[in-house]
Structure formats: C-alpha cells, structure tokens
Peer 1: 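Okay, handing you the structure first.
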Number of protein chains: 2
Amino acid sequence: MDAVYTAPGYLFRRMQQIAVAIFVEECKAYDLTPVQYASLVSIRTHPGIDATRLSAVIAFDRSTLGSVIERLEAKAYIERKPSPGDKRTKLLYLTRSGAALLRDIIPSVERAQARILQPLKPADRKTLMALLTQLVDLNNEASRVPLRAEDALEHLGKSG
Amino acid sequence: MDAVYTAPGYLFRRMQQIAVAIFVEECKAYDLTPVQYASLVSIRTHPGIDATRLSAVIAFDRSTLGSVIERLEAKAYIERKPSPGDKRTKLLYLTRSGAALLRDIIPSVERAQARILQPLKPADRKTLMALLTQLVDLNNEASRVPLRAEDALEHLGKSG
DNA sequence: TCTCGATTGACAGCATACTTACAATATGGA
DNA sequence: TCCATATTGTAAGTATGCTGTCAATCGAGA
C-alpha cells in the first residue's frame, strides 16, 4: 500500500467528503446537514420513534444522534415527548416547521444527490450504485452501528 | 428522496464508516487511525514536506491536519523541524520509530483494504474501484480540499 | 415480589472535518 | 525600501463519530 490513493478506504473517505460538500452547498439556504436531513426524513417516516431505534434505522451512532436530536430540537424542527409506557424513552415527532422544511428542501437534496454522480456516464452511475448498495449491505455487520431497519420497526406500533 | 437508503451520499457515508471500522479492527494492535496512517505514508514519500503541502497531497483539511500532526508527534512517529528558508513553516520527517511502525503495520492495512471489498465478486471489485477512482477524480474540485499532489510537489526540492 | 441483567438517554473524552480569524512571516511591485 | 497582499501555523467554534461510563428504568425469572 505504497500510495494511499488506490486504497478503497481512502477513496471512500474522499467520496464521503465530496458528497457532504456538495450537499452543504446545494442546501446552504436551509442550514441543514446530511445527518440532520436523514434524521428528519426517518422521523417523518416513523413518527413517535425513540432515539435508540432511530439510530438503528439510519445506522448512526447512538451517542452522536443524541446531539443531532438536540440541535434539531433547538431549531424547532422536532419535539421530544415522554413515552407513556416507558419512562426512559422520549418519542420523536416532526413539528409543523420541520415538516415544512422537509418539503422545501427536497429539491435541493435531489439536486445534490444527482450532482454527486453526474460526472459519470448514466450507465456507469447505475453500475456504481448497484455495486455500492450491494457492498454496504454485505458489509452491514462490519460497521459499528449495523442497520437494523426491520428489527427496529418490530418494537413500534408498526401500523405500516 | 423518500427513503434515505438509496441516496449516493448516504451510501458513501455508510461505506466510509464501514471502511474505518474494518481498518481500526485490523490495526488495533498499532493504535493508528486511517488518517494518521495516510499522513505517515505521505511523509515517508515526501520527507521534509510542510503541513500545508501535506494537506494538499492527501486532500485533508489543513486545520484538522494540524492536530493529526500533533498526535503523531506526541507518539514520536514524526518530528517537526524549523525550515531554514522560511520561518513560518515546519518540516515533517518520519522518526526511526515511525518508519518501523509503517513497516510493521502494512500487512494489517492491506488486510483491511482487502476486507472492505471482499464481499464482492473479484470482477465487481475491479469495476467498483475503477468507477470510484474516476468519480473521485472527476469530483476533485467539488471537495473542500481538492487533491493537489502535483502542484504541491512543485515547491519541494522534488528530487523524485 | 425481589432481584439481576438489559435498555435508555446522558455525559465525558478522543479523533476527524470544516469555518473563520489572527499573528508572524514572505513576497512582489511601487 | 516600503507596503499591500498572500501564506503558514494555530486557535476557537461547530458538527459528526466512536468509546466508555452512569443512573434511572424496565423486564424476566426465582
């Protein structure tokens, strides 16, 4: 591993940084980070989810997510309500303002996601995304916080 | 962008986290992070480089790199010497101990890099790496700290 | 019912990443 | 030579991302 440039780990780090830079640039009018955006989307999909389950649903670290939620609450995009059944957990809900933000920001997010892959030919974009999706899925257990979307939903009301 | 799971940005973030987790696991005997490793490798390749040029050579943020260098110096893997020509810059060199560490850690790093791609079929690994390399290169200017390997070397002694 | 083990949110501590700012120093042009 | 401008390292402030730990709470089994 003489030069670092050909190592997959190095390239994934670079791509992550590029993806974040593009996201932030496209969404700068909204002052929302990629992590905050993903959290909002998942809270909208699963209203009343708690922080631990949210961390499993988006595969983000539980400790980190705590401060992300704090910031989202400070910006009044979500609110935390005590759980009736379990005094330990706090349930997460989008506020009206959070729902509105999500509606407004989506075009910018889509533009960002498109820009990330834009330099490749359309066929190559498809190929890369297919392989990337596969690789993330197959390596799920290797990450510190594996994705547990299904399991997490088991414990919710799970109407849908 | 209803579900976050299909967004390239989300997938690159996940892969980066997976790659770091695998690196750390394989290299835990050495207590070295991926960023610290990349810095050491580049300092070995370019002895006497300064921090600003190093940041361009590996495309890491200049501010962040400051503390990375501090930690590497604290561990005695590198040393900083004042530049004879320029009182502002400090030149970076591997110590004997840093060079030894690099020699020892390389098998673990190679194992980590192989493990990252292992779940894919060999042909798919090649395809993914080719597309990823292309995409990083074509998006170079989009990142906050574009790679400037060539330019950076211009200003050095540049024996090789 | 009581107790032990697990879960939850919170916190401390470390390591990237990025922004802005600043003092010391260099450099090029008037 | 002098001065406006740029560069370098550093620092402060914010945001992930991870490791621990802890108290409060929960749940299951004796």
Side-chain angles (χ1 to χ4, degrees), chain A residues 9-10 13-14 16-25 28 31-39 49-56 58-75 80-92 143-146 151-152 155, chain B residues 9-10 13-14 16-25 28 31-39 49-56 58-75 80-92 143-146 151-152 155:
Chain A
Y10 176 79
R13 176 180 299 271
R14 291 271 289 134
Q16 209 270 323
Q17 290 176 352
I18 287 165
V20 170
I22 291 175
F23 182 104
V24 168
E25 191 180 320
K28 62 173 173 292
D31 187 34
L32 204 70
T33 67
V35 168
Q36 291 168 9
Y37 171 77
S39 303
I49 197 172
D50 63 276
T52 295
R53 243 151 298 283
L54 179 60
S55 105
I58 50 184
F60 288 171
D61 179 72
R62 207 163 61 97
S63 295
T64 307
L65 202 52
S67 48
V68 174
I69 287 172
E70 225 172 74
R71 283 184 280 276
L72 286 175
E73 198 182 17
K75 296 193 218 180
R80 274 189 283 197
K81 297 179 182 173
S83 166
D86 190 330
K87 283 179 197 166
R88 294 170 304 175
T89 68
K90 299 177 184 176
L91 308 186
L92 304 173
S143 74
R144 289 349 244 118
V145 185
D151 301 17
H155 304 283
Chain B
Y10 176 80
R13 175 181 301 271
R14 291 270 289 133
Q16 209 271 321
Q17 290 177 352
I18 287 165
V20 170
I22 291 176
F23 183 103
V24 168
E25 191 181 319
K28 63 172 173 293
D31 186 36
L32 204 70
T33 67
V35 168
Q36 290 167 11
Y37 171 77
S39 302
I49 197 172
D50 63 275
T52 294
R53 243 150 297 283
L54 179 60
S55 103
I58 51 184
F60 288 171
D61 179 72
R62 206 164 60 99
S63 295
T64 307
L65 201 53
S67 49
V68 174
I69 286 172
E70 226 173 73
R71 283 184 280 276
L72 286 175
E73 198 182 18
K75 296 194 217 178
R80 273 189 284 197
K81 296 180 182 173
S83 167
D86 190 330
K87 283 179 195 166
R88 294 169 305 176
T89 69
K90 299 177 183 176
L91 308 185
L92 303 171
S143 74
R144 291 347 244 122
V145 186
D151 300 17
H155 303 282

Peer 1: Let me have DNA chain C in dot-bracket notation, would you? Count Watson-Crick plus G-U wobble pairs, both distances under 3.5 Å, and use [ ] for pairs crossing earlier ones and | for inter-strand partners.
Peer 2: ||||||||||||||||||||||||||||||
Peer 1: What's Val24(A) touching, base or sugar-phosphate or nothing? Going by heavy atoms closer than 4.0 Å.
Peer 2: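 Touches nothing.
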Peer 1: With sequence neighbours left out, what residues match Arg80(A) under side chain to side chain donor-acceptor pair (under 3.5 Å)?
Peer 2: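 Arg80(A): side chain to side chain donor-acceptor pair (under 3.5 Å) contacts with Glu73(A).
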Peer 1: The side chain of Asp50(B) lies closest to which of these nucleotides: dT8(C), dT16(C), dT8(D)?
Peer 2: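 That would be dT8(D).
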Peer 1: To the nearest angstrom, how far is Leu92(B) atom CG from dT10(D) atom P?
Peer 2: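 For the pair Leu92(B) CG and dT10(D) P, the rounded distance is 10 Å.
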Peer 1: Excluding sequence neighbours, so at least two apart, what forms side chain to side chain donor-acceptor pair (under 3.5 Å) with Thr89(A)?
Peer 2: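 Result, side chain to side chain donor-acceptor pair (under 3.5 Å) vs Thr89(A): none returned.
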Peer 1: Please state how far atom CG in Leu91(B) lies from atom P in dT8(D), giving the value in whole angstrom units.
Peer 2: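 Distance check: Leu91(B) CG to dT8(D) P gives 12 Å.
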Peer 1: Tell me: CG of Asp61(A) to C1' of dT16(C), nearest whole Å?
Peer 2: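 About 14 Å, once rounded to whole Å.
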Peer 1: How is Thr89(B) classified with respect to the nucleic acid when contacts are heavy atoms under 4.0 Å: base, sugar-phosphate, or nothing?
Peer 2: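 It contacts sugar-phosphate atoms only.
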Peer 1: Where the side chain of Thr33(B) is defined as all heavy atoms beyond and including C-beta, which of dC18(D), dT16(D), dT16(C) is the nearest nucleotide?
Peer 2: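 My answer, after comparing the listed nucleotides, is dT16(C).
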Peer 1: Compare side-chain N and O positions of Arg144(B) against OP1 and OP2 of dT19(C) and report whether any pair is under 4.0 Å apart.
Peer 2: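 Checking dT19(C) against Arg144(B), a side-chain N or O does come within under 4.0 Å of OP1 or OP2.
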Peer 1: When you compare the side chain of Ser83(A) with that of Asp50(A), does any pair of heavy atoms fall below 4.5 Å?
Peer 2: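 No - every pair of side-chain heavy atoms lies 4.5 Å or more apart.
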Peer 1: Only counting residues at least two apart or in another chain, list the ones meeting side-chain contact (heavy atoms from CB on, under 4.5 Å) with Thr64(A).
Peer 2: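 Listed in chain order: Asp61(A), Val68(A).
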Peer 1: Please tabulate, one pair per line, each protein N/O and nucleotide N/O from nucleotides 10-13 of chain C that are separated by under 3.5 Å, including the distance.
Peer 2:
from, atom 1, to, atom 2, distance (Å)
dA10(C), OP1, Lys90(A), NZ, 2.6
dA10(C), OP2, Arg80(A), NH1, 3.2
dC11(C), N4, Ser63(A), OG, 3.2

Peer 1: Given atom CD of Gln17(A) and atom C1' of dC18(C), what is their separation to the nearest angstrom?
Peer 2: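 Going from Gln17(A) (CD) to dC18(C) (C1'), I get 10 Å.
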Peer 1: Round to a whole Å and report the spacing from CD1 of Ile49(B) to C1' of dG9(D).
Peer 2: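 The answer, rounded to whole Å, is 15 Å.
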Peer 1: Please list, for nucleotides 23-27 of chain C, all pairs of protein and nucleotide N/O atoms separated by less than 3.5 Å.
Peer 2:
from, atom 1, to, atom 2, distance (Å)
dA26(C), OP1, Lys87(B), N, 2.4
dA26(C), O4', Arg88(B), NH2, 3.4

Peer 1: To the closest 0.5 Å, what do you measure between CZ (Arg144(A)) and CD1 (Ile22(B))?
Peer 2: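 Arg144(A) atom CZ to Ile22(B) atom CD1 measures 10.5 Å (nearest 0.5 Å).
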Peer 1: Within this structure, what is the CD1-to-P distance between Ile69(A) and dA15(D), rounded to whole angstrom?
Peer 2: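 Checked: the CD1 to P distance equals 15 Å.
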Peer 1: If I take atom CG in residue Leu65(A) and atom P in nucleotide dA15(D), what distance separates them, rounded to the nearest angstrom?
Peer 2: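 Answer to the nearest Å: 15 Å.
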Peer 1: According to side chain to side chain donor-acceptor pair (under 3.5 Å), who are the partners of Lys81(A), at least two apart in sequence or on a separate chain?
Peer 2: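 Expected list: none.
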Peer 1: Sequence neighbours excluded, which residues qualify as side-chain contact (heavy atoms from CB on, under 4.5 Å) partners of Pro82(B)?
Peer 2: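 Scan of Pro82(B) (side-chain contact (heavy atoms from CB on, under 4.5 Å), adjacent residues dropped) gives none.
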Peer 1: How long is the line joining CZ of Phe23(B) and C1' of dT16(C), in whole Å?
Peer 2: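 Atom CZ in Phe23(B) sits about 14 Å away from atom C1' in dT16(C).
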Peer 1: Does Arg53(B) put a side-chain nitrogen or oxygen below 4.0 Å from OP1 or OP2 of dT8(D)?
Peer 2: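 The answer is yes; a side-chain N or O of Arg53(B) sits under 4.0 Å from OP1 or OP2.
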Peer 1: Nearest 0.5 Å please: distance from the CG atom of Leu32(A) over to the CG atom of Leu72(A).
Peer 2: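 Those atoms lie 6.5 Å apart.
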Peer 1: According to side chain to side chain donor-acceptor pair (under 3.5 Å), who are the partners of Lys75(A), at least two apart in sequence or on a separate chain?
Peer 2: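 Lys75(A): side chain to side chain donor-acceptor pair (under 3.5 Å) contacts with Gln36(A).
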Peer 1: NA contact type, Val20(B), heavy-atom cut-off 4.0 Å: base, sugar-phosphate, or nothing?
Peer 2: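 Nothing: the residue Val20(B), judged by heavy atoms under 4.0 Å, touches no strand.
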Peer 1: Which part of the nucleic acid, if any, lies within contact of Thr52(A), taking any heavy atom under 4.0 Å across all strands shown: a base, the sugar-phosphate backbone alone, or nothing?
Peer 2: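 Sugar-phosphate, no base atom in range.
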Peer 1: Given side chains that start at C-beta, do those of Leu65(B) and Ser39(B) come closer than 4.5 Å, heavy atoms only?
Peer 2: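 Heavy-atom side-chain distance check passes, below 4.5 Å.
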Peer 1: Name all residues meeting the salt bridge (charged side-chain N to carboxylate O under 4.0 Å, His left out) criterion together with Glu70(B); count only those two or more places apart in sequence or in a different chain, and write none if there are none.
Peer 2: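 Per chain and number, Glu70(B) pairs via salt bridge (charged side-chain N to carboxylate O under 4.0 Å, His left out) with no residue.
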Peer 1: If the condition is salt bridge (charged side-chain N to carboxylate O under 4.0 Å, His left out), which residues does Arg62(B) pass it with, not counting sequence neighbours?
Peer 2: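 None.
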Peer 1: Which residues pass the ring pair (Phe, Tyr, Trp, His ring centres under 6.0 Å) test with Tyr10(A), not counting sequence neighbours?
Peer 2: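 Checked Tyr10(A) against ring pair (Phe, Tyr, Trp, His ring centres under 6.0 Å); matches are Tyr5(A).
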Peer 1: Nearest to the side chain of Ala51(B), which nucleotide is it out of dA15(D), dT16(C), dG9(D)?
Peer 2: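 Looking only at heavy atoms from C-beta outward on Ala51(B), the closest nucleotide is dG9(D).
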Peer 1: For dT16(D), does either OP1 or OP2 sit under 4.0 Å from a side-chain N or O belonging to Gln16(B)?
Peer 2: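 For dT16(D), neither OP1 nor OP2 has a side-chain N or O of Gln16(B) closer than 4.0 Å.
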